[in-house]
Amino acid sequence: KKPQKCLISCCITGLSGGNKISELLQRSIPKELNIIVITESYEELRAKKEKHYLFRLYDVKGIVGTVNPRVEHIPYVPLDDLISGKAITKLEKCFSSIASMTQLKKISDNLVNELSIERLIGHLTVLYPQKVVKQVNECLNRFTEITGYELSASKRAGIYFHVSCMIERLIREQPIEEDVVVQENDFLDNKDKMIQSVKSAFASIENFYNLKNSIPEKEWFYITNILTNNDY
């Protein structure tokens, strides 16, 4: 029996975020392609790579996520490319052997409709998405002013998702779902200074949601890791 074709969804914010993305992806893929979407932990994929059990059980056509887990020979499609409609070439790599160009265009169009930043955050959290996007965008611009870091669309997307989920977690007093594994190219040399810059940039978020002194250091570490990691 041929293995089931699948896409893997992974979200830096954890499995609950990945499950929501999986639902939106599944609705966007034509049923006749017979592809399922499976959620998996980003940290599990990054640690185990092609040895992960999913690659033994399924015919994995690609990985969609907010951060590239870098699994060799498996196409990766950044979520921000799907949101912007720029993912058609990457989708070709995933579906070239099973989908026509007409079907690929349909998938891309469906995803653009399903995956606006505001709509996705609305699916992920109970927060008012347009307000969150505006607030986080102001914080990111402040971070660039303080540090001089230019932020890619992938980093901005990762921060939109993480910060909106973080706010909801803290309001509901829920722990973070995954621990961050820091890579060698991260911010270790000037970690304390960089974290202070992030705290300064995101002070308005703290004040607006009354989170002053309630955001754990691990959360600040996580945000800083996203902003400074070359994989994003």
Side-chain angles (χ1 to χ4, degrees), residues 9-21 23-24 39 41-43 65-67 79-80 83 115-183 186-229 231-232:
S9 164
C10 66
C11 181
I12 193 68
T13 60
L15 291 175
S16 62
N19 283 332
K20 294 295 185 181
I21 295 171
E23 291 170 13
L24 297 175
T39 306
S41 157
Y42 163 74
E43 293 294 350
T66 53
V67 187
L79 195 61
D80 61 288
I83 292 168
L115 293 175
S116 71
I117 287 285
E118 289 87 355
R119 185 165 181 175
L120 187 52
I121 290 175
H123 280 286
L124 291 174
T125 74
V126 297
L127 303 174
Y128 184 59
Q130 290 179 325
K131 182 175 287 186
V132 173
V133 169
K134 183 175 183 292
Q135 291 170 328
V136 173
N137 197 49
E138 290 171 354
C139 293
L140 292 176
N141 290 340
R142 176 66 178 148
F143 175 77
T144 296
E145 290 176 7
I146 294 171
T147 65
Y149 267 68
E150 291 298 328
L151 302 175
S152 66
S154 294
K155 287 186 180 183
R156 284 182 175 269
I159 290 294
Y160 289 140
F161 301 137
H162 177 69
V163 171
S164 58
C165 291
M166 178 193 76
I167 293 167
E168 186 174 28
R169 277 199 307 273
L170 293 173
I171 291 172
R172 293 184 172 186
E173 299 183 350
Q174 296 172 335
I176 195 168
E177 292 181 25
E178 294 195 26
D179 288 325
V180 182
V181 178
V182 182
Q183 299 294 290
D186 286 341
F187 57 99
L188 294 180
D189 290 341
N190 61 343
K191 180 182 73 173
D192 293 337
K193 181 180 178 181
M194 189 61 72
I195 288 178
Q196 286 305 314
S197 296
V198 172
K199 287 182 178 180
S200 177
F202 282 81
S204 61
I205 290 278
E206 278 189 293
N207 295 331
F208 184 86
Y209 292 99
N210 198 26
L211 300 174
K212 197 72 175 175
N213 300 320
S214 65
I215 300 180
E217 284 299 307
K218 184 162 66 172
E219 296 280 7
W220 290 120
F221 187 88
Y222 210 153
I223 293 171
T224 310
N225 189 45
I226 295 173
L227 289 170
T228 59
N229 191 325
D231 283 348
Y232 293 78

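All figures in this text were calculated on a predicted structure; none of them were measured in a lab. We use all heavy atoms of the structure for the numbers below, so side chains are in, but hydrogens, waters and symmetry mates are not.
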Quiz: residues 200-207 side-chain donor-acceptor pairs under 3.5 angstrom, not counting sequence neighbours:
| residue | atom | partner | partner atom | Å |
| --- | --- | --- | --- | --- |
| Asn207 | ND2 | Ala203 | O | 3.2 |

Scan the side chains in residues 131-143 for donor-acceptor partners under 3.5 Å anywhere in the protein, sequence neighbours excluded, and list what turns up.
| residue | atom | partner | partner atom | Å |
| --- | --- | --- | --- | --- |
| Lys134 | NZ | Glu138 | OE2 | 2.9 |
| Gln135 | OE1 | Tyr209 | OH | 2.9 |
| Asn137 | OD1 | Arg156 | NH1 | 2.7 |
| Asn137 | OD1 | Tyr160 | OH | 3.2 |
| Asn141 | OD1 | Arg156 | NH2 | 3.0 |
| Asn141 | ND2 | Asn137 | O | 3.4 |

Ile223 side, atom CD1; Met166 side, atom CE - distance, nearest 0.5 Å: 4.5 Å
Nearest heavy-atom neighbours spanning Thr228 and Thr224: OG1-O, 2.7 Å
Reported NZ-to-CD1 distance for the pair Lys193 and Ile146, which is rounded to 0.5 angstrom: 11.5 Å
Residue list, salt bridge (Lys or Arg N to Asp or Glu O under 4.0 Å) with Glu150, at least two apart or on another chain: none
Distance, nearest 0.5 Å, that separates CH2 of Trp220 from CD of Gln196: 9.5 Å
